[in-house]
Student: 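Would you mind keeping the following structure in view while I ask a few things?
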Amino acid sequence: MKLYHTSSLELRNPDINYGRKNADFGGGFYLSDSLEFAQKWANDAKATVNEYTLDLTGLTVKRFSLNSEWFSYISQNRAGGGDAYEDADVIIGPIANDTLYDTYGIIFSGLISGDDALRLLQVGNRYTQINIKSEKAAAQLKWVGAKHLTAPEIEAAESAVRAEEKEFRSAFWDALSTLDNFKEIESILS
């Protein structure tokens with residue numbers, strides 16, 4: 001697999017223990033399989049897109065689709081309930097859209113059902129995240145190089161994110177308005 005991670009540094013040997021344990025797929029080093037998506041995380045003048053290859057041979061890989069199993073897993077991790085797949089070397093699956101865009105905090109607020117939350121998490125573009133969770137997987141992640149983004153490339157990435165967020169907000173509000181308790185949610189948000 002060819003993978004990317006944006007940082008302000010060249011990360012030749014990423015630390016899988018550096019990130020938060022209550023992230024969607026638990027602790028580990030998160031990457032994307034999309035260069036375009038990785039560049040969207042460029043948010044400062046030192047933006048650097050690191051490129052890697054990952055050999056999955058011999059690794060325990062858990063793959064998720066955007067479904068109730070995925071939703072339960074990320075919900076449990078975000079709540080600090082323990083990582084059900086802590087023994088996996090690599091986890092691959094969708095990025096929750098509330099990680100990327102402002103969803104007004106309602107998806108995991110308890111104001112809506114799990115089914116409604118999952119429906120709202122399906123709004124917008126689909127991106128994949130790859131989480132390197134074990135030292136064994138980290139040993140099979142090879143740094144290929146890094147590209148230091150120029151000011152025009154960073155501005156283009158920021159512009160793309162703004163446009164995508166605008167589209168997302170409209171689609172998210174449309175989906176939100178179909179929920180049975182929309183009036184209650186709307187009164188809380190206003």
Side-chain angles (χ1 to χ4, degrees), residues 1-56 59 61-66 70 73-74 77-78 83 85 88-103 105 107-108 121-169 171-172:
M1 297 181 76
K2 188 181 279 192
L3 302 172
Y4 306 92
H5 178 90
T6 300
S7 175
S8 58
L9 309 166
E10 288 187 3
L11 296 173
R12 294 172 187 255
N13 298 299
D15 182 356
I16 64 166
N17 298 304
Y18 179 74
R20 300 175 329 181
K21 301 290 185 221
N22 66 337
D24 286 354
F25 294 168
F29 183 63
Y30 285 78
L31 302 111
S32 173
D33 59 355
S34 165
L35 175 60
E36 177 187 357
F37 177 73
Q39 288 177 334
K40 289 180 182 181
W41 291 93
N43 58 9
D44 69 32
K46 297 179 191 175
T48 302
V49 178
N50 291 275
E51 181 180 332
Y52 304 87
T53 59
L54 175 63
D55 179 3
L56 295 174
L59 299 178
V61 179
K62 173 62 181 169
R63 293 181 188 269
F64 281 104
S65 296
L66 190 64
W70 167 84
Y73 179 60
I74 67 170
N77 286 340
R78 287 185 182 192
D83 186 344
Y85 295 101
D89 297 308
V90 178
I91 297 186
I92 301 171
I95 298 174
N97 63 20
D98 69 323
T99 303
L100 308 175
Y101 313 111
D102 182 8
T103 58
I107 289 179
F108 291 94
L121 287 167
Q122 294 175 12
V123 172
N125 293 335
R126 276 299 118 232
Y127 297 108
T128 299
Q129 60 189 346
I130 296 88
N131 183 14
I132 308 300
K133 296 178 70 70
S134 71
E135 294 296 341
K136 181 178 177 183
Q140 291 180 215
L141 182 69
K142 303 299 181 204
W143 187 78
V144 174
K147 178 182 181 187
H148 303 281
L149 300 180
T150 64
E153 288 172 321
I154 293 169
E155 175 51 39
E158 289 172 343
S159 178
V161 168
R162 285 190 300 270
E164 195 171 282
E165 174 124 14
K166 184 177 179 182
E167 288 177 29
F168 171 81
R169 284 179 190 246
F172 185 81

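Quantities reported herein were computed from a predicted structural model and do not represent experimental measurements. Residue numbers run from 1 in the order of the sequence given. Keep in mind that the numbers below use all heavy atoms, side chains included, and drop hydrogens, waters and symmetry copies.
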Student: Looking at residues at least two apart in the chain, or sitting in another chain, which of them share a ring pair (Phe, Tyr, Trp, His ring centres under 6.0 Å) with Y85?
Tutor: F64, Y73

Student: Restricting to pairs with a member in residues 155-165, which pass salt bridge (charged side-chain N to carboxylate O under 4.0 Å, His left out), not counting sequence neighbours?
Tutor: K40-E164, E155-R162, E165-R169

Student: How would you list all residue pairs meeting salt bridge (charged side-chain N to carboxylate O under 4.0 Å, His left out) that involve residues 4-14, not counting sequence neighbours?
Tutor: E10-R12

Student: Under the rule for side chain to side chain donor-acceptor pair (under 3.5 Å), what residues qualify as partners of D55, not counting sequence neighbours?
Tutor: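 Partners of D55 under the side chain to side chain donor-acceptor pair (under 3.5 Å) test: T57.
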
Student: Of all residues at least two apart in sequence or in a different chain, which pass the side chain to side chain donor-acceptor pair (under 3.5 Å) check with W41?
Tutor: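 By the side chain to side chain donor-acceptor pair (under 3.5 Å) rule, W41 matches no residue at all.
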
Student: How would you list all residue pairs meeting salt bridge (charged side-chain N to carboxylate O under 4.0 Å, His left out) that involve residues 26-38, not counting sequence neighbours?
Tutor: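 Listed by first then second residue: nothing to list.
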
Student: Sequence neighbours excluded, which residues qualify as side-chain contact (heavy atoms from CB on, under 4.5 Å) partners of V61?
Tutor: L56, L59, R63, V90, I92

Student: Applying salt bridge (charged side-chain N to carboxylate O under 4.0 Å, His left out), which residue pairs with at least one partner in residues 128-145 are found, sequence neighbours left out?
Tutor: D83-K133

Student: Holding to side-chain contact (heavy atoms from CB on, under 4.5 Å), I want the full list of residues that pass it with S32, two or more places apart in sequence or in another chain.
Tutor: S34, F37

Student: Considering residues at least two apart in sequence or located in another chain, which fulfil the side-chain contact (heavy atoms from CB on, under 4.5 Å) criterion with K2?
Tutor: Y4, E51

Student: Who passes side-chain contact (heavy atoms from CB on, under 4.5 Å) against A96, sequence neighbours left out?
Tutor: D24, W70, I74, R78, D98, T99, L121

Student: For T150, check side chain to side chain donor-acceptor pair (under 3.5 Å) against everything at least two apart and list the hits.
Tutor: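 By the side chain to side chain donor-acceptor pair (under 3.5 Å) rule, T150 matches E153.
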
